[in-house]
Visitor: 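Pasting in a structure now, in structure tokens, and then I'll have a few things to ask.
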Amino acid sequence: PIPATFTPVIPEGVMFQHAVMNLPASAVEFLDAFNGAFHPPTWKGRLPLVHVYTFKTAAESEQDIIKKVEHYLGGPLDSTPVIHLVRDVSPGKVMLCVTFRVPEAVAFNGRTEQAGADEGNASKKPRL
């Protein structure tokens, strides 16, 4: 838990450009953390690149890996990801790194706020 006395160094929040998920046995299962995780009025600039490591068996194709990434991410990728071979792990099994930019539809999923909407609603009184 974050201590109540914690004050972020950057009051606007923390902006980051890359997320490295380097536990190939299960990293793709944590991609759902990006789904709806970005606040539209706060986030400025391009969404981060994700580098997720995973295993691929001989029976799987790169398209199967992309489908697995999209499944756990909770939505389709905006463009074809870059997939590179990291190393041979065992006969019939390799480690790959899949690199993609978090899609806006996934990042802002469930977030209906538009930039500037929070400021406009701050002065309104709630209806009773």
Side-chain angles (χ1 to χ4, degrees):
I2 298 173
T5 57
F6 175 77
T7 304
V9 177
I10 305 168
E12 301 85 36
V14 176
M15 305 303 270
F16 60 98
Q17 302 302 315
H18 296 266
V20 178
M21 304 175 76
N22 61 350
L23 187 62
S26 61
V28 292
E29 296 173 18
F30 294 97
L31 288 172
D32 64 336
F34 293 105
N35 198 319
F38 296 83
H39 186 241
T42 305
W43 190 264
K44 294 173 180 48
R46 295 175 73 177
L47 289 161
L49 281 175
V50 175
H51 310 276
V52 63
Y53 289 78
T54 190
F55 292 123
K56 179 181 106 45
T57 63
E60 294 176 302
S61 68
E62 285 191 358
Q63 193 59 38
D64 293 332
I65 300 300
I66 293 169
K67 286 179 184 176
K68 182 172 26 172
V69 166
E70 291 177 330
H71 168 76
Y72 284 106
L73 191 60
L77 298 174
D78 289 340
S79 60
T80 304
V82 174
I83 300 175
H84 74 267
L85 174 68
V86 175
R87 67 184 181 100
D88 252 334
V89 177
S90 65
K93 188 175 185 179
V94 295
M95 183 189 304
L96 302 175
C97 180
V98 182
T99 300
F100 61 92
R101 192 164 300 280
V102 177
E104 282 191 25
V106 171
F108 303 127
N109 187 25
R111 303 286 192 131
T112 58
E113 306 94 353
Q114 298 299 317
D118 289 343
E119 294 86 11
N121 292 333
S123 64
K124 291 184 180 180
K125 293 180 182 175
R127 289 186 184 185
L128 300 176

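Start at 1 with the first residue, then count along the sequence. Remember, predicted model here, so these are calculated numbers, not experimental data.
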Visitor: Any link between Met21 and Ile66 through a network of hydrophobic side chains (Ile, Leu, Val, Met, Phe, Trp, Tyr) touching at under 4.5 Å?
Guide: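 Yes: a chain of side-chain contacts under 4.5 Å links Met21 to Ile66.
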
Visitor: If hydrophobic clusters are built from ILVMFWY residues whose side chains come within less than 4.5 Å, do Leu23 and Leu85 share one?
Guide: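 As far as the 4.5 Å side-chain criterion goes, Leu85 and Leu23 are not connected within one cluster.
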
Visitor: Using the rule that Ile, Leu, Val, Met, Phe, Trp and Tyr join whenever any side-chain heavy atoms are under 4.5 Å apart, tell me whether Leu96 and Tyr72 fall into a single cluster.
Guide: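 Linked, Leu96 and Tyr72 end up in one cluster.
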
Visitor: Measure from the side-chain N and O atoms of Asn35 to the backbone N and O of Leu73, and report whether any donor-acceptor pair falls under 3.5 Å.
Guide: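 Between the backbone of Leu73 and the side chain of Asn35 there is a qualifying donor-acceptor contact (under 3.5 Å).
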
Visitor: Would you call the rings of Trp43 and Phe38 parallel, tilted or perpendicular, where under 30° means parallel and over 60° means perpendicular?
Guide: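 Correct class here is perpendicular.
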
Visitor: Within the 4.5 Å heavy-atom criterion, are Lys93 and Lys56 side-chain neighbours or not?
Guide: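 No, side chains not in contact.
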
Visitor: Please check if the side chain of Asn109 supplies one atom and the backbone of Val106 the other of a donor-acceptor pair under 3.5 Å.
Guide: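 No; zero donor-acceptor contacts below 3.5 Å.
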
Visitor: side-chain contact (heavy atoms from CB on, under 4.5 Å) for Phe100 and Asp78? Distances and angles first, verdict last.
Guide: CA-CA 9 Å; Phe100 61 92; Asp78 289 340; over 6 Å; no

Visitor: Looking at Glu104, I'd like to know if its CD atom is crowded, meaning that more than 12 non-hydrogen atoms belonging to other residues, nucleotides or ligands lie closer than 6.0 Å.
Guide: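 Atom CD in Glu104 is not packed in, count stays at 12 or less.
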
Visitor: Does some side-chain heavy atom of Thr54 sit less than 4.5 Å from a side-chain heavy atom of Lys68?
Guide: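 Side-chain contact under 4.5 Å: yes.
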
Visitor: How about His84 and Cys97: do any of their side-chain heavy atoms sit closer than 4.5 Å?
Guide: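 Side chain of His84 against side chain of Cys97, heavy atoms only: contact under 4.5 Å found.
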
Visitor: Do Arg111 side-chain atoms and Pro40 backbone N/O form a donor-acceptor pair below 3.5 Å?
Guide: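 Such a contact is absent between Arg111 side chain and Pro40 backbone.
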
Visitor: For side-chain contact (heavy atoms from CB on, under 4.5 Å), just list the numbers for Tyr53 and Val86, CA-CA rounded to whole Å, side-chain angles, deciding distance to a tenth of an Å, and then say yes or no.
Guide: CA-CA 9 Å; Tyr53 289 78; Val86 175; 3.6 Å; yes

Visitor: If you take all heavy atoms of Ala27 and Val52, which pair is closest and at what distance?
Guide: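 Smallest interatomic distance, heavy atoms only, reads CB-CG2, 3.7 Å.
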
Visitor: In terms of hydrophobic clustering (I, L, V, M, F, W, Y; side-chain heavy atoms under 4.5 Å; direct or indirect links), are Leu77 and Val102 co-clustered?
Guide: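 Linked within one cluster.
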
Visitor: Is it true that a side-chain atom of Glu62 and a backbone atom of Ile83 form a donor plus acceptor pair closer than 3.5 Å?
Guide: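 No; zero donor-acceptor contacts below 3.5 Å.
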
Visitor: Are side-chain heavy atoms of Leu47 and Phe108 found at a separation under 4.5 Å?
Guide: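 In short, these two side chains touch, coming nearer than 4.5 Å.
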
Visitor: Can you name the nearest heavy-atom pair linking Pro103 to Pro76, along with the distance?
Guide: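 Closest heavy-atom pair between Pro103 and Pro76: CG-O, 3.4 Å.
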
Visitor: So do His71 and Lys67 actually touch side chain to side chain, heavy atoms under 4.5 Å?
Guide: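 Result no, sub-4.5 Å side-chain heavy-atom pair not found.
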
Visitor: Give a yes or no on whether the backbone of Val50 and the side-chain of Arg101 come within a donor-acceptor separation of less than 3.5 Å.
Guide: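 Here the side-chain-to-backbone pair does not exist.
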
Visitor: If every non-hydrogen atom of Val98 is compared with every non-hydrogen atom of Pro81, which pair is closest and at what distance?
Guide: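 Here Val98 and Pro81 meet closest at CG1-CB, 3.8 Å.
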
Visitor: Can a donor-acceptor pair be found, under 3.5 Å and without considering hydrogens, that links the side chain of Ser61 to the backbone of Asp64?
Guide: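 Yes, Ser61 side chain to Asp64 backbone: donor-acceptor pair under 3.5 Å.
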
Visitor: Is it the case that one hydrophobic cluster holds both Met95 and Leu31, taking links as side-chain heavy atoms less than 4.5 Å apart, direct or via other members?
Guide: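 Unlinked, Met95 and Leu31 end up in two clusters.
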
